[in-house]
Amino acid sequence: MVNKSPFHNGYCCHSSRHFYRPVRFSRPLDNITIFQGGVSFYEKIDPLQSFQGIHSSRNFYNENLRQRTLGRPHSLFSSFLSSSNLLHPRNLDNLGFSGNKCKTYERQPLLRTHSSFQPSDDELTISEVDSSISPDEPNEAALSERDSEKAPSSAQFPKRWVIVLLCFAAFLLCNMDRVNMSIAILPMSAEFNWNPATVGLIQSSFFWGYLLTQIVGGIWADKLGGKLVLGFGVVWWSVATVLTPIAARFGLPFLLFARALMGIGEGVAMPAMNNLLSKWIPVSERSRSLALVYSGMYLGSVTGLAFSPILIDKFGWPSVFYSFGSLGSLWFALWQSKAYSSPREDPEISENEKKLILGANLSKDPASDIPWRLILSKAPVWALIISHFCHNWGTFILLTWMPTYYNQVLKFNLTESGLFCVLPWLTMAVFANIGGWIADTLVQKGLSITTVRKIMQSIGFLGPAFFLTQLGRVRTPAMAVLCMACSQGSDAFSQSGLYSNHQDIGPRYAGVLLGLSNTAGVLAGVFGTAATGYILQRGSWNDVFKVAVALYLVGTLVWNLFSTGEKILD
């Protein structure tokens, strides 16, 4: 009697003198071997005769395949055949031989699906298979059937980009709700008789709350998850936006409080988003995903500046706050149903996408404790903070004082100034995505992340610095607007530089890191805006631009000396 059972994959079984191959049930029962534990049908063949033509022709293979395929309803094999995974032996190695030697085997229990086929005590299974073929490889008919069953999952839209698009929409609403006050303040000040000092106080009240929640929002996001914190932020600032007209009618202190509350909600948005993308986006897609999200901010400013005058003209200034604020409820409904803090929590994500994300991002667990001393002891962290300050000084000056520059220097009227104020935001939205695509392409081609971050941020610093130096030399308004647009367009490359670097150096603490650096960035905006007014009282616009250029150069030096794209916090 030969070994108890054939291989579970149905290739062949052997004794010391004979080989067996599967045959159809309809064949005569002579030369049939009955194995212990069940009935299997094999035809005994002489190895000396049968092996003579194997290497010179494919007759043995074709006959084997034909018999196994046609005889499948009658063959009582293992679960591999019953699940239609018929195997394709392509050469002698697949039949259990390598050269002139038989491969080794090990005893394993064998699974069967046919009720009449009882398992034996132990079976012989192959432990070495040709690397060119999987033991589960199906034939053509089975492959077609299986592919048709899996087709819907392969066509699924990547869940990581669902998160990116929802974050894009959140930042679109964020800036729509922020810039509407800059338009609505004109009819509001006329109605409530506010003087310019009061108007400036109202405009700055937003930053009171915004500064408070930068670091706190990062801590919450890293500990509780980005979904909860960003959802809270959008709901909070949307409610504050809707309450703004009511607060204004109650009195100035209530309006200032409402604007500060709105700043609290928007302050957690960037840290929470950074935490989310650090968990959802592989490093090879990080730059373009961040660029797309931040372009939502730029397009939000464009949308707010474009639609606010229309709504105010037709429905009055309160309509801006009611309509923009109510959009947050629609976003929140989608957010609750589609978003998750990490791929591990999403039940709808495909296994392939989960492996792609988790394989590329090693640190996914929420941070239970924030190592402040360790974080603040790292030079790349301080490079982020200082560079963010230098970057936002120039950016906030241009975005805040640009209408005044257009009016006083270029002699545009207010309508024209408002129209040209939209142009830098559009330019930034376009160039941010171009920069993101370039950065990810460089990473995919093998360039180190450190080198890519330094290149992109150097463009984000030196580009604006160069074009600001040209503003004092141009003689026509058209060239001045072009220089301003180019300055902001090159500034947008920073989204693939310092704004992407938080996730590089400390993915577990990405929210806290962005909270730290963005606090410095907000302070630059507050101090830079005030300092610009002081400079203009005693100097000229060239002096304003010189200060910005000097800080851009300082930021370039610090960034290239101390920044890194490697993970330094785990």
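Note that the numbering runs from 1 along the sequence shown for the chain.
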| Is a salt bridge present between Lys227 and Glu345, judged by a nitrogen-to-oxygen distance below 4.0 Å? | no
Indicate yes or no for a side-chain donor-acceptor contact from Asn175 to the backbone of Phe171 under 3.5 Å, with no hydrogens or angles considered. no
Sorted by chain and number, sequence neighbours left out, side chain to side chain contact (heavy atoms under 4.5 Å, CB included) with Thr450 holds for Ser448, Lys454, Thr564, Glu566
Original post:
Sub-3.5 Å donor-acceptor pair from the side chain of Asn274 to the main-chain atoms of Ala510, do we have one?
Top reply: yes
Quick one: does any side-chain atom of Thr519 pair with a main-chain N or O of Gly515 as donor and acceptor, under 3.5 Å? yes
side-chain hydrogen bond (donor to acceptor under 3.5 Å, both in side chains) pairs touching residues 327-336, sequence neighbours excluded, are none
Nearest heavy-atom contact between Ser284 and Gln444 is O-NE2, 3.3 Å
Does any part of the side chain of Thr198, heavy atoms only, come nearer than 4.5 Å to the side chain of Asn195, both counted from C-beta?
yes
Contacts satisfying salt bridge (charged side-chain N to carboxylate O under 4.0 Å, His left out) that involve residues 313-341 (not counting sequence neighbours) are none
Separation between OG (Ser238) and CD (Glu266), nearest 0.5 Å, reads 8.5 Å
Checking side-chain contact (heavy atoms from CB on, under 4.5 Å) for the pair Trp280/Tyr340: CA distance, chi angles, key distance, verdict?
CA-CA 9 Å; Trp280 274 96; Tyr340 294 89; 4.2 Å; yes
Margin query: Set out, in order, the CA-CA distance, both residues' side-chain angles and the distance that settles side-chain contact (heavy atoms from CB on, under 4.5 Å) for Ile215 and Ile219, then state yes or no.
Written below: CA-CA 6 Å; Ile215 298 177; Ile219 296 173; 4.1 Å; yes
So CG of Leu230 and CD1 of Ile163: to nearest 0.5 Å the spacing works out to 9.5 Å
By side chain to side chain contact (heavy atoms under 4.5 Å, CB included), Phe168 pairs with (sequence neighbours left out) Leu292, Ser295, Leu299
Query - Residues, nucleotides or ligands: over 12 heavy atoms within 6.0 Å of Phe321 CZ - result: yes
Please tabulate, for the side chains in residues 241-265, all donor-acceptor contacts under 3.5 angstrom to protein atoms that are two or more places apart in sequence or on a different chain.
unit_1, atom_1, unit_2, atom_2, d
Thr241, OG1, Trp237, O, 2.7
Thr244, OG1, Ala240, O, 2.9
Thr244, OG1, Thr241, O, 3.3
Arg249, NH1, Glu191, OE2, 3.1

Heavy-atom closest pair (Gly226 atom, Ser341 atom, distance to 0.1 Å) is N-OG, 3.6 Å
Between the CG atom in Leu211 and the CG atom in Asn518, the distance rounded to the nearest 0.5 Å is 9.0 Å
With sequence neighbours left out, the residues meeting ring-ring contact (aromatic ring centres under 6.0 Å, His included) with Tyr499 are Tyr294, His388, His391
Can you label the angle between the Tyr210 ring and the Phe207 ring as parallel, tilted or perpendicular, going by 30° and 60°? perpendicular
Applying side chain to side chain contact (heavy atoms under 4.5 Å, CB included) to Ile312 and not counting sequence neighbours gives Ile183, Ala184, Pro187, Trp317, Val320
- Can you tell me if CH2 on Trp372 sees more than 12 non-hydrogen neighbours from other groups inside 6.0 Å? yes
When rounded to the nearest 0.5 Å, the distance separating CG of Leu447 from CZ of Arg453 is 11.0 Å
d(Asp440 CG, Ser289 OG) to nearest 0.5 Å is 7.0 Å
(message) Set out, in order, the CA-CA distance, both residues' side-chain angles and the distance that settles side-chain contact (heavy atoms from CB on, under 4.5 Å) for Ile397 and Val547, then state yes or no.
(response) CA-CA 11 Å; Ile397 285 175; Val547 173; over 6 Å; no
Here the gap from Asp346 atom CG to Arg160 atom CZ, rounded to the nearest 0.5 Å, amounts to 12.5 Å
Phe324 meets the ring-ring contact (aromatic ring centres under 6.0 Å, His included) criterion, sequence neighbours left out, with none
Less than 4.0 angstrom from a charged side-chain N to a carboxylate O is my criterion; do Arg286 and Asp504 meet it? yes
Heavy-atom closest pair (Ser278 atom, Asn275 atom, distance to 0.1 Å) is OG-O, 2.6 Å
Side chain to side chain contact (heavy atoms under 4.5 Å, CB included) filter on Leu212, not counting sequence neighbours, yields none
Heavy-atom nearest pair, Ala480 first then Leu471, reads O-CD2, 3.6 Å
Applied to residues 161-170, the salt bridge (charged side-chain N to carboxylate O under 4.0 Å, His left out) test, sequence neighbours excluded, yields none
request  = Would you confirm whether Ser563, through its side chain, and Asn560, through its main-chain N or O, come within 3.5 Å as a donor-acceptor pair?
outcome  = no
Would you mind checking if Lys159 and Glu353 are paired as a salt bridge, meaning a charged N to carboxylate O distance below 4.0 Å?
no
Sorted by chain and number, sequence neighbours left out, ring-ring contact (aromatic ring centres under 6.0 Å, His included) with Phe192 holds for Trp194
Self-check item: Side-chain donor or acceptor of Ser387 paired with backbone N/O of Leu384 under 3.5 Å
Solution: no
Tightest non-hydrogen contact, residues Val179 and Gly304, listed as CG2-CA, 3.8 Å
When every non-hydrogen atom of Gly267 is compared with those of Gln214, the smallest separation belongs to O-NE2, 3.2 Å
Item checked: Donor-acceptor pair, side chain of Ser319 and main chain of Leu311, under 3.5 angstrom -> yes
Worksheet item: With a 4.5 Å heavy-atom cut-off, do Leu305 and Ser182 have their side chains touching?
Response: yes
Is there side-chain contact between Gln503 and Leu290, with at least one heavy-atom pair below 4.5 Å?
-> yes
Taking atom types as modelled, is there a side-chain donor on Asp491 or Thr395 under 3.5 Å from an acceptor on the other? yes
With sequence neighbours left out, the residues meeting ring-ring contact (aromatic ring centres under 6.0 Å, His included) with Trp382 are none
Could you check Ser287 against Val443 for side-chain contact (heavy atoms from CB on, under 4.5 Å), going step by step and ending with a plain yes or no? CA-CA 10 Å; Ser287 297; Val443 171; 5.8 Å; no
Can a donor-acceptor pair be found between the side chains of Gln495 and Tyr298 at a distance below 3.5 Å?
-> yes
>> Can you confirm whether Met479 sits close enough to Gln470 that some side-chain heavy atom of one is under 4.5 Å from a side-chain heavy atom of the other?
In response: no
